[in-house]
There are 2 protein chains.
Amino acid sequence: MDLIQIYQCFCDRTRLRILHLLTRSPLCVCHFQQILGEPQVKVSKHLAYLRGRGMVSTKKERNWVVYSLPERRADELERNLRCLQDCVQTDAVFRRDIQKLSKLAKNCCEPCGLFRRGLNGRRTSAKTKGSVHLRS
Amino acid sequence: MDLIQIYQCFCDRTRLRILHLLTRSPLCVCHFQQILGEPQVKVSKHLAYLRGRGMVSTKKERNWVVYSLPERRADELERNLRCLQDCVQTDAVFRRDIQKLSKLAKNCCEPCGLFRRGLNGRRTSAKTKGSVHLRS
DNA sequence: TGCCTATATGCCTAAACAGGTATATAGATT
DNA sequence: AATCTATATACCTGTTTAGGCATATAGGCA
């Protein structure tokens with residue numbers, strides 16, 4: 001809620017990447033693992049950090065926890081997220097994150113309904129091998 | 001130079017107030033003391049922090065050290081400073097800081113040339129009592 | 001029941017940080 | 001030379017943080 005807290009959340013690269021991704025789409029923990037290439041603990045802790053400061057909200061979706069930006073956001077958060085988007089437009093890491101996100105949106109079959117396109121309404125459980133619920 | 005470093009600099013209230021003031025005018029340490037109402041050490045340390053990260057630059061002016069935003073700033077810094085200004089527009093503390101700055105700009109006789117108006121070119125040393133170079 | 005998958009948390013360590021007290025330095029003034 | 005003013009720095013303390021390892025929880029599934 002506080003401007004300082006916003007900057008505190010913004011001042012770690014992993015959290016910044018998480019927030020940047022969330023400006024595009026709600027995501028569950030293993031999506032972040034996948035995209036960021038960081039271990040589960042690390043991701044989970046940063047998400048907890050953000051959650052503790054009201055910077056993200058969660059909802060349970062089957063066995064997954066889906067993180068998103070809070071629907072009603074403080075004006076300062078909104079502004080800073082926009083500023084962030086402007087700032088990282090040309091940054092290699094952040095761009096790749098978005099690319100990976102698009103790929104994920106095409107290949108991921110769970111949790112259902114997260115990504116609007118490319119899913120064809122499939123909601124059978126993901127029976128593919130591998131740690132994440134991806135089709136091959 | 002780094003976006004993360006910018007946010008690190010932004011995530012302390014004192015530093016945020018300092019940077020916000022600097023978007024208006026270059027200032028010396030005792031100006032900050034005066035406006036922020038914080039002890040000299042505290043101000044000095046935060047300025048050192050900012051200096052160490054290239055967020056401000058300094059020049060010696062007689063017996064004072066004048067801090068300012070670097071003339072050539074990274075795009076991200078510029079953007080974020082603007083965003084900051086937007087965010088704090090209605091914030092009581094930040095507004096008061098600016099008010100105090102205007103008052104200072106009228107009453108301060110040293111260091112010369114910092115404030116363009118209200119000085120009448122006086123550059124005699126400040127012989128008034130009190131810790132700071134203010135007229136009464 | 002026992003395993004698997006997704007996620008969270010407790011404990012640990014090393015580093016950074018914020019603020020305080022005391023002191024140093026440097027230039028100007030008396 | 002002694003003092004004053006402006007500023008910086010060293011040292012100390014308590015707090016926060018980041019990351020790692022191990023473990024907990026909880027819901028599905030064999």
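Just so it is clear, the model here is predicted, and its values are computed rather than measured. Sequence lines set the chain letters: A, B, ... in the order given, protein chains first and strands last, and positions in each chain run from 1.
- A:Ser25 places no side-chain N or O within 3.5 Å of a backbone atom of A:Leu21 that could act as its donor or acceptor partner.
- Evaluation of the side chain to side chain donor-acceptor pair (under 3.5 Å) rule for B:Arg73 yields B:Glu78 as partners, not counting sequence neighbours.
- Between the P atom of C:dA18 and the CG atom of B:Leu16 lies a distance of 12 Å, rounded to the nearest Å.
- Every residue two or more places apart in sequence or in another chain that forms a salt bridge (charged side-chain N to carboxylate O under 4.0 Å, His left out) with A:Arg79 is listed here: A:Asp75.
- The residue among B:Glu38 and B:Tyr49 whose nearest nucleotide of DNA chain C is located toward the 5' end is B:Tyr49.
- Going from atom CG of B:Leu36 over to atom P of C:dG19 covers 12 Å, rounded to whole Å.
- When the side-chain nitrogen and oxygen atoms of A:Arg53 are compared with OP1 and OP2 of D:dT17, one or more of them lie within a distance under 4.0 Å.
- A salt bridge links B:Arg13 with A:Asp2; the closest basic N to acidic carboxylate O contact falls under 4.0 Å.
- In this structure, A:Gln34 places its CD atom 15 Å from C1' of C:dT5, rounding to the nearest Å.
- Backbone-only contact: B:Arg15 has heavy atoms under 4.0 Å from sugar-phosphate atoms and none from a base.
- For A:Ile4 and D:dT15, the CD1 to P distance is 20 Å, given to the nearest whole Å.
- Along DNA chain D, the nucleotide nearest B:Asn63 and the nucleotide nearest A:Lys42 are compared for position; the residue whose nucleotide lies closer to the 5' end is B:Asn63.
- Taking atom CZ of A:Phe32 as the reference point, atom P of C:dA6 lies 15 Å away to the nearest angstrom.
- At a threshold of 4.5 Å between non-hydrogen side-chain atoms, the residues B:Trp64 and B:Cys30 count as touching.
- One finds a side-chain N or O of A:His46 lying less than 4.0 angstrom from the OP1 or OP2 phosphate oxygen of D:dG19.
- Here the C1' atom of nucleotide D:dT7 and the CG atom of B:Leu27 are 15 Å apart, to the nearest Å.
- The interatomic distance linking B:Leu50 (CG) with D:dA8 (C1') rounds to 15 Å, in whole Å.
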All N/O contacts under 3.5 Å from nucleotides 8-12 of chain C to the protein, with atom names and distances to one decimal?
residue, atom, partner, partner atom, Å
C:dA8, OP1, A:Tyr67, OH, 2.6
C:dA8, OP2, A:Ser44, OG, 2.9
C:dA8, OP2, A:Tyr67, OH, 3.4
C:dA8, N7, A:Gln40, NE2, 2.7
C:dA8, N6, A:Gln40, OE1, 3.2
C:dG10, O6, A:Lys45, NZ, 3.3

For a side chain to side chain contact (heavy atoms under 4.5 Å, CB included) check, start with the C-alpha distance between B:Phe94 and B:Leu16, then their side-chain angles and the critical distance, and finish with the verdict. CA-CA 9 Å; B:Phe94 287 84; B:Leu16 210 51; 4.0 Å; yes
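- In this structure, A:Arg62 atom CZ and D:dA26 atom C1' are separated by 15 Å, rounded to whole Å.
- B:Arg17 CZ to B:Asp91 CG: the interatomic distance, rounded to the nearest 0.5 Å, is 9.0 Å.
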